[in-house]
2 protein chains.
Amino acid sequence: MLNGRTPSVKDVAAAAGVSLGTVSNVMNRPEVVSARTRERVERAMAELGFVRNESARQLRAGTSRTLAYVMLDGTNPFFHDVAQGIEFAAEDADLSLFICNSNSRAEREEAHLDRLLQQRVQGILITPVNPEAPYLDDLARRGVPLVIVDRRRDDGACCSVAVDDVHGGRVAIEHLVEQGHRRVGFIGGPESIGQVRERLQGAREVWEELGLPADDLVYLPTEAMTVAEGRSAGERLAGLPARRRPTAAFCANDLLALGLLQQVIGAGLRVPDDLAIVGFDDIEFAAAAAVPLTSVRQPRQELGRAAAQLVLDEATNPHHEHQQLFFTPELVARASTIAPRPRSR
Amino acid sequence: MLNGRTPSVKDVAAAAGVSLGTVSNVMNRPEVVSARTRERVERAMAELGFVRNESARQLRAGTSRTLAYVMLDGTNPFFHDVAQGIEFAAEDADLSLFICNSNSRAEREEAHLDRLLQQRVQGILITPVNPEAPYLDDLARRGVPLVIVDRRRDDGACCSVAVDDVHGGRVAIEHLVEQGHRRVGFIGGPESIGQVRERLQGAREVWEELGLPADDLVYLPTEAMTVAEGRSAGERLAGLPARRRPTAAFCANDLLALGLLQQVIGAGLRVPDDLAIVGFDDIEFAAAAAVPLTSVRQPRQELGRAAAQLVLDEATNPHHEHQQLFFTPELVARASTIAPRPRSR
DNA sequence: GGGCGCAGTTGAAATGTTTCATTAACGTAG
DNA sequence: CTACGTTAATGAAACATTTCAACTGCGCCC
């Protein structure tokens, strides 16, 4: 069957008694080769266990069959849902998807990008540590199809797909005010993250429009967007003097919200009676929390799918123009802000 | 700077006024080329924005610089932790990691493997839908370094890294019995998953050894290991006649446990007083649940790291012998089984 | 001053594909 | 019978790298 190294087209050609051009035709344009020879070649391939060498194909054809997604934080399920959306689009286009994880470290990100460039991937999707990083411009200038996911670039240096975070901040606060809250905490950070700024901005806008005193929208900064930071924000919140302590919290993502939820429940507060909580992203675990979490839903898979389509357009359409796609997030109200109808009485 | 296509070694050589063999030497054996020319070449590379073409390198050198992990279920954070462990090991070995997701569908898995074979990846790590699938044997026979992660192969066809699931089942039940429970439900399925069988087996072994009546260890089968199935198991559990209703549940993974937890809390039961819950895997969200979840911890990252080391050994060491690595899981007790010291009185 | 060793550089071969111009075979129309 | 068209198969070139044997100076020793 196989005697050492893996068989090449040449071996198949010899075994089938045809030229190696014909073998290639069987793989790439089966219609031009007669049924008889095609069958003979296919049998030879099966017998030898031939597997096409993708490097050689790519080298000659000049085109790779993979996309890549560089995700920001592997511990946040949100990004995996985005990746799943990309994967579906890639599958439809018969491409492989290379998933990398920068773990929020710029130097890992750059190392990944370097590798991807060497692989000559067909396009790169990325949720960058910093959307303005100069090496992203290098990529764009090089002509590598590039789409920024879940972040924005305001100059049109490349495509991006994101969500209207200002709007997301607005609907969260509108909902809380509707529920009667007049003192609300905003939990998120660091402020270097554009989304944190924009979600906060949306919150403040609507707060002001409703004529509520600015001081009653309390900003509780965090150092990261993790469960652990959510918990520690909970402690700080509990430590606030009563007259400043909010009756509701709006968290910049669900991880923070879940951490907060756990901490305050552990401290004996009731949710939502003592503290209502709104998250952001609507990851799967949000609905599955013990007090199901009200959250601002991002169309996570859609985000990935749309990004993949943009990158494919850039890769294949010579008249491609960079676009900034915007999705509008919507609030999903659950028990963490809406008290259940009392069980009896 | 660049005039159309990306520059090749030849362009660099021309720009630096050396032969292309020298350029290659600068990249691969800098010590053999004089400092003066090396510097000249490096300058030329920078000016042209040269990036080595990995396909060509791989074609000629015959060796790829990537590992691949085919994960079973992208919605389960457990596998991402495993992947993270692999990633660290790959980073140490200066390799890239290609992450694929089969979503528990055998045909996707096979398609991924086919692609990876074409890419001639240096080794494949996989948590397979079915560890006995014939195409896995094909891989092994082909000589592709292959490690099965978090599943077992009893014949020594390839390496595997797993956890002692029988033991995991034992410690979970021992803990519950210690806490005074005498009627316990086991939630998990489908039984085609080896781990489900073994965790249940461990549970039954210890149950019998303690002389408890077999009928009081109730098996509640599920169709999958997801949050949704956990919730539905919770409904079935609530519907059980009181004399058969367990006072504790041991779930085959944390996703099930989280779903169950949410459902029973929503139904007004108290955890652990009315129902104690033990999960398996100890994913990050287990500790962050509103009632922090007691769970059987698998060394998730360690699993990945060890698997990566095995695959690298197989790839590089001619005297490699297949090994079956076993980790021993340990119980992490939290509030879902241990009632907190009463707050007052 | 001829031979030798050494450091540095070169040029060609090789890797496994794809592509494309060319050839071969075989009818069929004139 | 020739010329032509069609269909099928061929062979060589090209892709970007790495490797390695061969070459070139050059200083040194006898």
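These numbers were taken from a predicted model, which means no experiment stands behind them. The basis for the numbers below is simple: all heavy atoms, side chains too, and nothing from hydrogens, waters or symmetry mates.
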Mind grabbing the angle between the end helix axes of the helix from C:dG1-D:dC30 to C:dG30-D:dC1? Five pairs an end, 10° rounding. 70°
Using a strict 4.0 Å threshold on nitrogen-to-oxygen distance, state whether A:Glu107 and A:Arg105 make a salt bridge. yes
B:Arg60 CZ to C:dT17 C1', straight-line distance once rounded to whole Å: 16 Å
Quickly work out the B:Met27 CE to D:dT18 C1' distance and round it to whole Å. 9 Å
Output all residues satisfying salt bridge (charged side-chain N to carboxylate O under 4.0 Å, His left out) with B:Arg153, sequence neighbours left out; order by chain, then residue number. B:Glu132, B:Asp137, B:Asp155
Can you pull out every ring pair (Phe, Tyr, Trp, His ring centres under 6.0 Å) where at least one residue sits in residues 303-323 of chain A? Sequence neighbours excluded, please. A:His320-A:His322
Separation of C:dT18 P from B:Gln118 CD (nearest whole Å): 10 Å
Closer than 4.0 Å, any side-chain N/O of B:Arg29 to the OP1 or OP2 of D:dT18? no
CZ of B:Phe50 versus C1' of D:dA16: gap in Å, rounded? 8 Å
C:dT17 P sits how many Å from B:Asn53 CG, rounded? 16 Å
Taken in chain and number order and not counting sequence neighbours, the residues that satisfy salt bridge (charged side-chain N to carboxylate O under 4.0 Å, His left out) with A:Arg152 are A:Asp154, A:Glu198
Without placing hydrogens or testing angles, list every side-chain donor-acceptor pair under 3.5 Å for residues 301-309 of chain A, not counting sequence neighbours.
residue	atom	partner	partner atom	Å
A:Arg305	NH1	A:Asp92	OD2	3.4

Can you check the B:Glu54 CD to D:dA16 C1' distance for me, whole Å? 12 Å
Contacts of B:Arg108 meeting salt bridge (charged side-chain N to carboxylate O under 4.0 Å, His left out) (sequence neighbours excluded), chain-then-number -> A:Glu87, A:Glu91
Considering only nitrogen or oxygen atoms on both sides, find all protein atoms under 3.5 Å from nucleotides 25-27 of chain D and state each distance.
none

Rounded to whole Å, the CZ-P distance (B:Arg65 to D:dT18) equals 11 Å
May I ask you to say what A:Ser24 touches in the nucleic acid, namely base, sugar-phosphate or nothing, with a heavy-atom cut-off under 4.0 Å? base
Contacts of A:Ser34 meeting side chain to side chain contact (heavy atoms under 4.5 Å, CB included) (sequence neighbours excluded), chain-then-number -> A:Arg36, A:Thr37
Restricting to pairs with a member in residues 85-142 of chain A, which pass ring pair (Phe, Tyr, Trp, His ring centres under 6.0 Å), not counting sequence neighbours? A:Phe98-B:Phe98
Return yes if the base of C:dT17 and the side-chain atoms of A:Arg57 contain a donor-acceptor N/O pair under 3.5 Å, otherwise no. no
Please enumerate all protein N or O atoms sitting under 3.5 Å from an N or O of nucleotides 8-11 of chain D, with distances to 0.1 Å.
residue	atom	partner	partner atom	Å
D:dA9	OP1	A:Ser34	OG	3.2
D:dA9	OP1	A:Thr37	OG1	2.8
D:dA9	OP2	A:Ser34	N	3.1
D:dA9	OP2	A:Thr37	OG1	3.3
D:dT10	OP2	A:Ser19	N	2.8
D:dT10	OP2	A:Ser19	OG	3.2
D:dT10	OP2	A:Thr22	OG1	2.7

For A:Ser19, all residues meeting side chain to side chain contact (heavy atoms under 4.5 Å, CB included), sequence neighbours excluded: A:Thr22
Does the side chain of B:Asn103 pick up a donor-acceptor pair with the side chain of A:Gln84 at under 3.5 Å? yes
Please report the distance, rounded to the nearest Å, between CD in A:Gln58 and P in D:dC15. 16 Å
A:Asp313: which residues meet the salt bridge (charged side-chain N to carboxylate O under 4.0 Å, His left out) condition with it, sequence neighbours left out? none
